[in-house]
Amino acid sequence: MHWADYTAKRLSDEYESQVIASGITPSGEFHIGHLREILTAEMIHRACLDADIKSEYIFIVDSMDPLRRVYSFLSEDYQKYIGFPLVNIPAPNPDGTPNHEGGNYADHFLKPFLEALREIGVHPKVVMNHGTYENGEFAEKIDLAIKHKDQIHDIIEKISGRELPENWFPYNPIGSDGSMDGVEVTRYEKPYVHWKDRHGVEGKSDTRKADGKMPWRVDWAARWGIHSITCEPAGKDHGAAGGSFDTGIPICELLGDKPPGKMVYEWIQLKGSGPMSSSSGNTIGPIEALNLVPPEILRYVIARTKVKKHIDFDTGPSLFETADEYERLVSNPPSGEELNKKKKVARDTITGALRLSQVNRGVDASLSIAGVSFRHLAMLAQIKSNDEDVWNSLNKSQHIDGRPNDALIGRLSRMRNWINSVHFPEDARIKIQEKMDLNTREKLTEKQIQFLLIMSDKLKSCKWSEKEISEKIREATKETEVSPREGYVALYMLILGVDFGPRIASIILELGQDITIEIFSKSL
RNA sequence: GGGUCUGUAGCUUAGUCAGGUAGAGCACCGGGCUUUUAACCCGGGGGUCGCGGGUUCGAACCCCGUCAGACCCGCCA
């Protein structure tokens with residue numbers, strides 16, 4: 001059984017209807033690591049719906065979280081915004097300076113991420129956390145938290161092993177300058193928290209408004225109750241012993257609610273370069289990833305991996321394997337009646353992964369088949385600059401019959417992006433030689449050189465079509481009495497510098513007559 | 001220091017929660033197609049399930065220990 005289906009089943013044993021949640025702080029550019037947070041939750045949500053369990057999926061944006069520090073992509077102008085809720089800060093310009101016309105900081109980073117989510121078929125109910133404060137939904141929890149201040153204090157200190165400051169208070173009001181830093185609570189008089197900020201200014205915050213927020217560990221526990229969340233997968237940073245999940249459970253209960261069960265997912269790493277981090281610049285954005293990787297395959301990468309296993313995200317060579325594995329599975333799904341228990345489990349797991357990988361829920365996976373392997377498409381995309389030529393070639397090779405489907409059109413356009421990016425594997429790149437070097441030439445026999453000379457002549461008067469070029473190759477092999485194989489090897493050595501490759505006539509055609517003849521004349 | 005997770009074929013892994021003869025893909029090798037030469041089809045070899053104990057008629061799976069790797073415990077998912 002797939003992990004999402006298993007979780008859905010477990011949830012339905014405990015709750016009648018589900019609220020599955022994700023939560024992310026929009027403190028900077030989103031990266032594909034965040035996609036795991038989103039997709040883990042969304043797949044459980046889909047699994048619930050597929051099992052006729054009532055379910056809702058919400059994405060809580062921590063727009064009230066304060067700016068912690070001036071990140072590397074921000075200019076020093078942001079110094080003055082430290083401690084401000086992200087929703088109250090101007091969005092940065094590309095050079096890192098504040099753009100006062102560009103909306104707020106939280107929305108700025110959120111917007112493109114939501115677009116990427118749409119592209120991979122995720123349609124959450126977006127909850128801006130500052131909105132929840134603004135409309136008073138937090139007020140009751142804030143009141144309870146303040147009343148149980150000492151107990152919460154003890155829970156955090158005991159479970160996390162962290163020492164809280166003397167003046168710790170489960171509510172951080174915003175001071176006169178807009179920052180939550182250095183604001184000291186002087187007293188609480190429902191619904192107002194009175195304070196004195198670092199400038200000595202005194203004031204009060206209305207707990208029914210977004211005049212302040214609860215600290216992270218309390219905030220998270222409170223929102224489980226406010227939104228009746230039944231499942232919220234958490235990153236392993238929150239899931240560590242003594243982490244915010246562990247303190248959240250008793251705090252949530254203290255505030256009168258039943259906490260969701262603990263579920264922790266592993267991180268995605270960029271192959272070979274460790275965990276993703278916005279500050280180190282070691283990121284790949286969901287949008288960048290979606291430019292290269294078809295959405296169903298991006299989903300598949302998450303769906304096929306157990307939640308607790310880390311994923312090495314690789315936009316290099318292993319993308320071929322992942323994509324071809326997906327293609328193979330969809331076109332030839334594992335089936336069979338006489339399987340033993342283990343094989344049945346394996347089959348159900350993988351078919352579950354395929355089901356959950358579809359961009360649109362309930363749509364037949366077979367519609368996402370491109371009908372051609374990633375490798376073959378990579379080759380065609382490199383030698384055919386025109387999409388129509390690619391479709392013609394695929395028709396001729398009987399990969400497709402007639403017009404390409406949407407999946408294939410999408411694959412080709414992303415394939416072109418991939419090839420043009422630094423991520424495309426070098427050994428898959430077709431490199432046209434300007435001329436044959438001496439080393440390569442020495443590997444050829446006299447006969448093969450003869451063959452190339454004849455070819456050179458023939459190409460000069462050749463009508464430039466794939467058929468004609470193939471015909472010339474055949475003629476030349478006959479005239480010089482080299483085997484077809486030797487002839488092809490000679491051509492590959494000349495044009496690509498290696499002894500094998502994709503269909504040479506296509507490459508020659510694509511190169512054009514002038515360039516081809518130039519390669520021949522320079523080399524021979 | 002405390003904790004979590006991972007360790008199965010050269011590589012990626014399924015199977016571990018409900019113990020019952022180790023399964024797949026890639027790669028590799030062989031054959032076919034003999035020209036769509038990075039395509040396609042068929043076949044094959046390859047695993048002390050990290051290591052050591054224990055429980056059991058029976059352990060990749062449960063328990064204890066141990067080694068290795070990754071990560072968390074400073075709100076970075």
Side-chain angles (χ1 to χ4, degrees), chain A residues 1 3 6 10 22-25 27-28 30-41 62 65-66 68 71 159-162 215-217 219-220 233-244 246 264-269 274-280 282-283 304-310 312 314 317-318 320-322 324-326 328-329 334 339-347 349-350 353 372-380 382-383 393-399 427-428 430 466 470 473-474 477 483-485 487-489 491-492 496 498-506:
Chain A
M1 192 185 257
W3 53 259
Y6 179 75
R10 239 187 37 217
S22 298
I24 302 178
T25 304
S27 56
F30 284 76
H31 51 69
I32 50 156
H34 293 111
L35 234 38
R36 190 163 201 184
E37 161 92 22
I38 298 287
L39 285 174
T40 302
D62 285 318
D65 280 16
R68 295 280 163 201
Y71 301 108
I159 295 181
S160 76
R162 213 167 48 163
W216 159 246
R217 284 179 188 250
D219 179 295
W220 198 22
K236 65 170 169 184
D237 49 341
H238 298 312
S244 42
D246 285 355
V264 177
Y265 62 86
E266 254 287 352
W267 284 11
I268 294 183
Q269 318 210 351
M276 205 113 12
S277 156
S278 316
S279 53
S280 71
N282 184 27
T283 68
R304 70 164 173 184
T305 313
K306 282 182 288 194
V307 173
K308 282 182 295 196
K309 288 203 123 179
H310 94 253
D312 271 328
D314 184 6
S318 64
F320 280 121
E321 274 180 44
T322 309
D324 286 346
E325 175 184 313
Y326 176 85
R328 208 173 32 243
L329 281 169
L339 295 173
N340 62 31
K341 193 180 104 190
K342 278 172 185 169
K343 286 187 184 168
K344 267 185 195 146
V345 169
R347 182 199 57 193
T349 303
I350 202 72
V372 54
S373 79
F374 233 53
R375 253 170 226 288
H376 191 54
L377 192 62
M379 184 266 287
L380 290 177
Q382 287 182 85
I383 61 174
S393 171
L394 287 171
N395 266 295
K396 249 189 267 174
S397 59
Q398 296 178 332
H399 280 97
D427 60 358
I430 295 172
E466 202 168 317
S470 299
I473 296 172
R474 214 164 305 148
T477 57
S483 71
R485 190 186 158 72
Y488 276 103
V489 166
L491 283 170
Y492 283 114
L496 299 179
V498 289
D499 62 1
F500 69 106
R503 220 174 150 190
I504 197 70
S506 312

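These numbers come from the heavy atoms of this one structure, side chains and all, not from hydrogens, waters or symmetry mates. The sequence lines fix the lettering, A, B, ..., with proteins before strands; numbering per chain opens at 1.
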Round to the nearest Å and state the distance from [X] atom [atom1] to [N] atom [atom2].
{"X": "A/D237", "N": "B/U4", "atom1": "CG", "atom2": "P", "result": "17 Å"}
{"X": "A/I159", "N": "B/G3", "atom1": "CD1", "atom2": "P", "result": "15 Å"}
{"X": "A/F374", "N": "B/A39", "atom1": "CZ", "atom2": "P", "result": "15 Å"}
{"X": "A/H238", "N": "B/C73", "atom1": "NE2", "atom2": "P", "result": "9 Å"}
{"X": "A/H34", "N": "B/C75", "atom1": "NE2", "atom2": "P", "result": "15 Å"}
{"X": "A/K308", "N": "B/C5", "atom1": "NZ", "atom2": "P", "result": "6 Å"}
{"X": "A/D62", "N": "B/A77", "atom1": "CG", "atom2": "P", "result": "8 Å"}
{"X": "A/K309", "N": "B/G7", "atom1": "NZ", "atom2": "C1'", "result": "8 Å"}

Polar side-chain atom of [X] near backbone of [Y] as donor-acceptor pair, under 3.5 Å:
{"X": "A/W216", "Y": "A/D65", "answer": "no"}
{"X": "A/H238", "Y": "A/G235", "answer": "no"}
{"X": "A/R304", "Y": "A/T349", "answer": "no"}

Between [M] and [N], how far apart are the [atom1] atoms? Round to whole Å, please.
{"N": "B/C40", "M": "B/U4", "atom1": "P", "result": "47 Å"}
{"N": "B/U37", "M": "B/C41", "atom1": "P", "result": "15 Å"}
{"N": "B/A59", "M": "B/G20", "atom1": "C1'", "result": "10 Å"}
{"N": "B/C11", "M": "B/C28", "atom1": "C1'", "result": "12 Å"}
{"N": "B/A39", "M": "B/C33", "atom1": "C1'", "result": "11 Å"}
{"N": "B/C5", "M": "B/G45", "atom1": "P", "result": "38 Å"}
{"N": "B/C49", "M": "B/U6", "atom1": "C1'", "result": "14 Å"}
{"N": "B/C61", "M": "B/A14", "atom1": "C1'", "result": "13 Å"}

What's the shortest heavy-atom distance between A/A378 and A/F320, and which atoms?
-> CB-CE2, 3.7 Å
Would you say B/C26 has OP1 or OP2 under 4.0 Å from some side-chain N or O of A/R328?
-> yes
Reckon A/K236 has a side-chain N or O less than 4.0 Å from the OP1 or OP2 of B/C73?
-> no
Given RNA chain B, 5'-ward residue of the pair A/T305 and A/S160, judged by closest heavy atom | A/T305
Whichever of A/E325 and A/V489 has the more 5' nearest nucleotide on RNA chain B, that residue is A/E325
Which of the following nucleotides, [options], is nearest to the side chain of [X]?
{"X": "A/Y488", "options": "B/U37, B/A14, B/C71", "value": "B/U37"}
{"X": "A/W267", "options": "B/C76, B/G25, B/U37", "value": "B/C76"}
{"X": "A/I24", "options": "B/G15, B/U37, B/A77", "value": "B/A77"}

Stem ranges of RNA chain B by first residue number, counting only runs of at least 3 Watson-Crick or G-U pairs under 3.5 Å, come to B:1-7 with B:67-73, B:10-13 with B:23-26, B:28-32 with B:40-44, B:50-54 with B:62-66
Beyond-backbone contact of [X] with [Y], side-chain heavy atoms, under 4.5 angstrom:
{"X": "A/T322", "Y": "A/F374", "value": "no"}
{"X": "A/I268", "Y": "A/L35", "value": "no"}
{"X": "A/T25", "Y": "A/R68", "value": "no"}
{"X": "A/E37", "Y": "A/F30", "value": "no"}

Applying a 4.0 Å non-hydrogen cut-off, can you work out what [X] is touching in the nucleic acid: base, sugar-phosphate, or nothing?
{"X": "A/H376", "answer": "sugar-phosphate"}
{"X": "A/S393", "answer": "nothing"}
{"X": "A/Y6", "answer": "base"}
{"X": "A/L329", "answer": "nothing"}

Under a 4.0 Å N-O cut-off, is there an ion pair linking A/K308 with A/E266?
-> no
Checking only heavy atoms, does the side chain of A/R68 share a donor-acceptor pair with the base of B/C75 at less than 3.5 Å?
-> yes
Has A/Y265 got its ring stacked on B/A77, by the test of a centre gap below 5.5 Å and a plane angle below 30°?
-> no
